[in-house]
Amino acid sequence: QKGETVKLAYIDALSGLMGPVGQNQVKTFQFLGEKFNKSNPAGVKFEVVTFDNKLSPAESLNLLKAAADQGIRYIMQGNGSSVALALSDAVQKHNERNPGKEIVYLNYSAVDPDLTNSKCSYWHFRFDADTSMKMEAMSSFIKDQPDVKKVFLLNQNYAHGHQVAKYAKETLARKRPDIQVVGEDLHPLAQVRDFAPYVAKIKASGADTVITGNWGSDLALLVKAANEAGYNGKFFTYYTGVTGTPTALGQGGAGRVYQVAYSHYNMGGEVQKLADEYNKKFNDDMYTNSIQHIYTMLSQAMANAKSTDPVKVAAALEGLSVKSFNGEVTMRKTDHQLQQPLFISVWQKADAKFPYSPEKTGMTLAPVKQYDSYVSSTPTSCQMKRPG
Amino acid sequence: MDQLFINLLNGLSSGLLLFMLSSGLTLIFSMMGVLNFAHASFYMVGAYVAYSLVGIVGFWLALLFAPLAVGALGAAFERLALRRVHKFGHVPELLITFGLSYVILELVQLIWGRTAVPFTPPPSLQGSAFTIVSHPVEGMSLMLGKAGPEICAAAGVACSNFPLTKVFMMAVALLMLLALWLLLTRTRVGLVIQASLTHPEMVEALGHNVPRVLMLVFGSGCALAGLAGVVGGITFVTEPNMAAFIGAIIFVVVVVGGIGSLAGAFVGSIVVGLLQTLPLTINGSLATLLNSFGAGVTPSTPGYPLLRLTVAEVTPILPYLLMVLILIFRPKGLLGTRED
Amino acid sequence: MSNAKEFHFKPLNVGRWIVWGLFALILFVAPRIWTSGLAQTMLTQMGIGIIACLAYNMLLGQGGMLSFGHAVYSGMGAFLTIHALNMAGAGTLGIPVSLIPLVGGLAGLLCAVFLGYVSTKKAGTPFAMITLGIGELVFALALMLPEFSGGEGGVSSNRVIGKPVMGISFGPQIQVYYLVAVYCFICTALMFALTRTPLGRMLNAVRDNPERVEFVGYDTHWVRFMIFTISGFFAGIAGGLGAINTEIVNGADVLHAARSGAYLLFTFLGGAMFFFGPIIGAVLMVFCGVMLAELTKAWLLYLGLIFLFMVMYAPGGIASLILMNLRVAAFGKLGKIWTSYLALAGAALAALVGAAAMIEMLYHRQLNEALGPELRFMGATLNSSGIDAWFGAGLLIVVGCALFELARRHYVHQWGEIQEDIEKEIKRREAL
Amino acid sequence: MSYALELRDVRKSFGKSEIIRGANLAVQAGERVAIIGPNGAGKSTLFNLISGRFAPTSGEIHLHGQRIQGKKPFEINRLGLSRSFQVSNLFTRLSVFENIRCAVLWSLGHRYAFWKFLADLDDANDRAEQILEMLKLDKRRDVLAMNLTYAEARALEIGITIAGGSSVILLDEPTAGMSKSETKRFIQLIRDVTVGKTLLTVEHDMGVVFGLADKIAVLVYGEVIAFDTPEAVRANAKVQEAYLGSVLAEQQAAGAAA
Amino acid sequence: MSDPRTLKLDNVHAFYGKSHVLHGVSMQVNPGEIVSLLGRNGAGRSTMVKTIMGQVDAKGSVLWGDRELVGREAYEIAHLGIGYVPENRDIFPKLTVHQNLMLGEKTKNKSPRWSFDDMYRMFPRLKERQHTEAGVLSGGEQQMLTLCRTLMGDPDLIMIDEPTEGLAPKIVELVAEYLKELKNRGIAVLLVEQKLAIALEISERCYVMGHGRIVFEGSPADLRANAYIRKEWLEV
Ligand SMILES: Nc1ncnc2c1ncn2[C@@H]1O[C@H](COP(=O)(O)OP(=O)(O)OP(=O)(O)O)[C@@H](O)[C@H]1O
Ligand SMILES: Nc1ncnc2c1ncn2[C@@H]1O[C@H](COP(=O)(O)OP(=O)(O)OP(=O)(O)O)[C@@H](O)[C@H]1O
Ligand SMILES: CC(C)C[C@H](N)C(=O)O
Ligand SMILES: [Mg+2]
Ligand SMILES: [Mg+2]
């Protein structure tokens, strides 16, 4: 396999609401791809081909065909679990109907737990941590916060938001039964202009903490409205660091907005150098580090399988353990969910200790706690159907 | 209680912002018969232009110039594109504004980037206008400015701040209402415009320069949207999605209020604004309502998925529901005079 | 006058047979010419789009009803179809896959019966607004009822059910294509036939003058309502075929206002005033949806500009452009003008290439600058930070536009002359 | 006893102003009646009430003994009443032939059929062709209605009205805007196509009135002040004062006699 | 220099798109004169007045005094003092009668020959209906309104297309009276009429059109005397 070129199809939204996120990730893929092409265990060259799915599942299926036509055997997607579910299903069918032309689906950020539970597929590998894992870490953190007594769950009214709410209730009840969930609300996705009524509701409920899976302007506007209304509670979030949100948050929410993720902006070490280089080169911030997992693990698996054939590589990926930027990570064989350490970080002024400032806001996400893989690991109900 | 009060205020302010947008839309719609799909785009352009101008001329002049610039843009569009398709009928007019909304969105992103820009209110508009203090014994009271911690930290006291930007927004909207009302009732331009709607040739034969008037109307409508954009931009976030946020809802406002009626647009805006806000506080659903009458609704009851939805959850669709009902039972709208 | 009775001359319409034969032929051979997986999927979607756009045009072009919510009917058709498919797969519903799209049709029909009754009470702007509102309502409701719609994830299924019949399992794309092609042909024929029936004609009358229709004995509401339901039926079939094609139905895709908007835009672009206009529109719709974004990052800008210019310069849609030139050809005058077309096309091409180069460089600078200033554009390498590339592109635009204007003047003059000749010719023939 | 059309104390108000103030009229089957009256007397309004465009505020309207007030226009049309409009009201984007064919479909029982081809409806096609010939529009068969000249449009307007074969026909100023020669031709045409039918027409041209009508109804301020034979009406002093009594009317009437 | 209120057409051709309707028409209307334009349906009379008003593509020369009208916009022509009453009335249906009249006024500061009261005196019927939406007026009332609306603009030349269509005989005579009254106030009238009797009675000169050309020019007496023209171009 040495010297072979491996084409990876990036199928995600490059225009519209999630366009900026997609653009950022494409750059990450290209940037890291260059690094890996210089040296990787398998000695292959990666080439990323981008496709814009406009955030539409049906469109993504077309692009899957387009990628297959071009002989691409590895596809990558992550922004939007609805697309992920559609793709996972489609890849499964494609591989059944086109033996010898199998495709592997590498998911870098679609976090719906179903993808590795009831709807798991042999051909799908997730490199992000799913909602349940993140909530596991978040609740472990909250467990040790005595001032958290009343929690409000405010989420986007779609699969991701529903799951955040569901797992929050479940894990909190398990770990801190004394915490009261004083309110729960779902708001329409990307349609709310003014969160003031929701904030009023939060205040009225007496909650001292808000748990939200919101991303994009839904998160920024929420925090902004809370500041304006004089709400002083904490926010536990999933996506504070994603494109656009830092700018929109600005100084607001300093010290009160927490994020749970498999990385943050002040990781230090090798990945920090990459992040700085990326920042200098693109004038943008690299936050989808799971892409680095993908390159690391894929090239390792190819080296192990001594082939770039997806069937063999998929088999080699199962159970593979590597050392990645956030420590030792393992692709769990039973459900193809990457087991990895998670971090809680907090939005605050950048300082000498935590200097990296996303979107030149003068703010940063400073780590407050790290959880090892086993802490956030959650059981799976996946009954993997392996080919053959 | 204070929650209801503050939500009432929120609903009003959001309704007034809608009014700033819908007044321009209804102006264009009723006078030229054009459903301007790009109206929200002009709103967005207003915010972005003001954002750029603030650095040069300061906020208050930007508040003046940005709408003017947007108005000029709108007038130019009318002159160069819309006027050509006017004779083809309403559907092409609508589609061309549809196309324009795409183009504007892309151009805005090319010029100002694809993510939010930090457009903040000037210092004089930052902070709270007043604080609602609800005291366990003394009840609810209002305090100008931000109430200090010495008051709010007391046991059992809840403070809610109402931001200055929203008060500013409400004031601008009301001023605009007054100005528009004067313009339309005290000038003959309004008559010329309405007459041109059906018989442009005749109006011209009577000595009125119809194309220029139409251009002015379209430009003014857009300028109003631009003004709303500046105010909306500092109150919320200035980003490429801000047009989509407003999207179809302003059409709802115009239809509910009654096509062609400024007063209707005002009433419609307030109604829709409140409708988007107040029900959010209600957590009940049809199921809970029925159960309170002892109906015994359980997850196995037929139609449970529908009955289960809480009022808060369905809030976003209430304006559309209202619009459909209004169209069916009172097609003129609340205050409208025309049916078509 | 009484002679007319005996002499009922109904010529076999040769032209019509040729056209339909050609249509069938194209449907048949298309996937043999474009054989790649993507091409076949696109062809399949085009077939589906043709049904949907034709159904939509029953309202817009034939009936003057501007609907902003036709995705409701195709979308509900899709949902019911996918549920039916799942039931068939589970063995609870004994219906072959090839007939399952009819389930979608019935679903569309039923929805149209319920929702259409209120919508069609009104015409004009109130109708448009009701459809907009109903569209939003149904969309939002569907997402709120995950039991029905599968929420954001949608409902997925498998179209391969049981044993293949005569080698047809509907697994391979090509088999789905032919299923769609058959439906497409039949539906197109039926919808065309409808325009030739009393109801179809009265629909045109309702479009032109609803008031008068009431005075020749027809209830306009009822005419609109019947057409609305029929249109809903065909839209539902299209939705059903779409469900079989993608094997997943997602509310955010099939019920979204953007889908309704696409029907409207592309039907118009194809040419709403002509029966076959929406067919062109549907082909474009799929092409723009799938390919444009792959070709360029600036696709949204191009799409917007295309609409602006099409509406301004060809308000009758592409179909009207074709027909106008067919008319010229029919009078044997195309030979006179084709050099003008060449000149126009050449000049336009130059200007467009220049403009596109600039746009691409702009986008490149914004999105990919860090990858170096170089970008590939139409086989050439441009340096987006070098002055020459910009200057070259600018020059191309200026020269192209100037030449275009020259060519256009000549063309307009020629076109006018030809039209005058044709008018004269027609008068002369009439006089005979 | 049973009249083709009978109005009993019909009233209509728009807002505060009462336009039709208790109109009574009884037209026998086969009669040709002209309705005259000053501008704004309510003639067109009366037609609108009869044909169902508006509902009367009070009073009864009977068509062949059947009450029709408050019914929808299409229901009344189906009962055999048809009307024309003062301003031509055509299917502008359809051809002349299609205009006529649309008007005959319902009466020939084709209703909302979507299972029959128009081309196969011999009865409808023959009838439409026949009417075109009557109107002398057969040469303009395939021209779009919006491209017709004024006179042709008026002819088509009448064609649509009579095509359905209704037994009671209302014509609102059928010859307005026509030159003398055309008017003459039209009077003849209307006579021809309404043989055996009940006809009500509104006219200001006394030439037409006297050329066409068996009886004349005079409507002034929403009331029928006279309903009689042309000679009697002409002699009626009240009518003279309210409406006629002018040189022009005399001239026109004389012209018709000639 | 000619009187600035003389209208002079010289070899005017007019087109609807490609169809050529007027074929070299020349005619003249002198200040304060009533000229009638006769002809059969479709002869091109309406086209002629529309051409003068700048609503139809035209070639040739239309001089108003010494100002060329061809190529000007309709509103400019109106401001030069030419008024036009179209044949299809074109009232503004959603505006009230009074508002319709208001739109006829051109500038508020000039003191025109006519006031609202003059109009309401002329047609009392309009005064009764002054706050009604014009769209619901009876056909005849609308006809009165259009005439008055144009007069409000205080033209020096008024072109009227079939003013008596749909008017009761009595009113027709009234209109004839008013036209004469206009003339007495120094306003020239270009009258397009079907009703030969009226036209011949009030006008000083008349033109007869046929197939887009002027086929006769002369006094009413000449026309009465010329049986050939009447037969060939006016009647059957
Ligand atoms: N919808 C309406 N609302 C208010 N007034 C109306 C309405 N329709 C008609 N009118 C009034 O009723 C009166 C009678 O109108 P109508 O059209 O019946 O007159 P007419 O007898 O036909 O006159 P003409 O001979 O001039 O056509 C007019 O004064 C008119 O303004
Ligand atoms: N908008 C138009 N487009 C094309 N042709 C037209 C148009 N208007 C009128 N014509 C044609 O021009 C010719 C002259 O029409 P015009 O209206 O000037 O006649 P007219 O003498 O006023 O007759 P009428 O008595 O019908 O008013 C007619 O043959 C008519 O068909
Ligand atoms: C990238 C994220 C903001 C998207 C999120 N993971 C989702 O499931 O929709
Ligand atoms: Mg009348
Ligand atoms: Mg005329």
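Being a predicted model, the structure only gives us computed values, none of them experimental.
By number of non-hydrogen pairs under 4.5 angstrom with chain C, the leading residue of D:Lys116, D:Glu75, D:His110, D:Met146 is D:Lys116. When C:Asp219, C:Thr195, C:Leu199 are compared by the number of non-hydrogen pairs under 4.5 Å with chain D, C:Asp219 comes out ahead. Between chain C and the residues D:Gly164, D:Ser51, D:Ser82, D:Ala103, the most heavy-atom pairs under 4.5 angstrom are made by D:Ser51.
Heavy atoms from other residues, nucleotides or ligands lying under 6.0 Å from CZ of D:Arg53 number more than 12. Residue C:Trp20 qualifies as enclosed at atom CH2: its count of foreign heavy atoms under 6.0 Å is above 12. Annotation for D:Lys139: atom NZ does not count as buried by contact number, only 12 or fewer foreign heavy atoms lying within 6.0 Å. The environment of CZ in D:Phe14 is crowded: more than 12 heavy-atom neighbours from other residues, nucleotides or ligands sit within 6.0 Å.
Contact check for D:Leu219 versus D:Ile36: no side-chain heavy atoms found under the 4.5 Å cut-off. D:Ile187 has its side chain within reach of D:Arg191: a pair of non-hydrogen atoms, C-beta onward, lies under 4.5 Å apart.
The parts of C:Val213 that come within reach of chain D are both its backbone and its side chain, each placing non-hydrogen atoms under 4.5 angstrom from that chain. If you measure heavy-atom distances from D:Ile160 to chain C, the contacts under 4.5 Å come from both the backbone and the side chain. Both the backbone and the side chain of D:Thr161 come within contact range of chain C, judged by heavy atoms closer than 4.5 Å.
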(message) Run D:Ser44 and D:Asp172 through side-chain hydrogen bond (donor to acceptor under 3.5 Å, both in side chains) and show every step you take.
(response) CA-CA 7 Å; D:Ser44 301; D:Asp172 198 351; 3.0 Å; yes
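In this pair, D:Tyr112 and C:Tyr218 present their aromatic rings perpendicular. The plane angle is above 60°, beyond the 30 to 60° band.
Listed here is the closest heavy atom pair of C:Ile51 and C:Cys184: CD1-CA, 3.7 Å.
Residue-level contacts of residues 85-93 of chain D with chain C, in order of numbering, are D:Phe85, D:Asn89, D:Leu90, D:Phe91, D:Thr92, D:Arg93; threshold 4.5 Å between heavy atoms.
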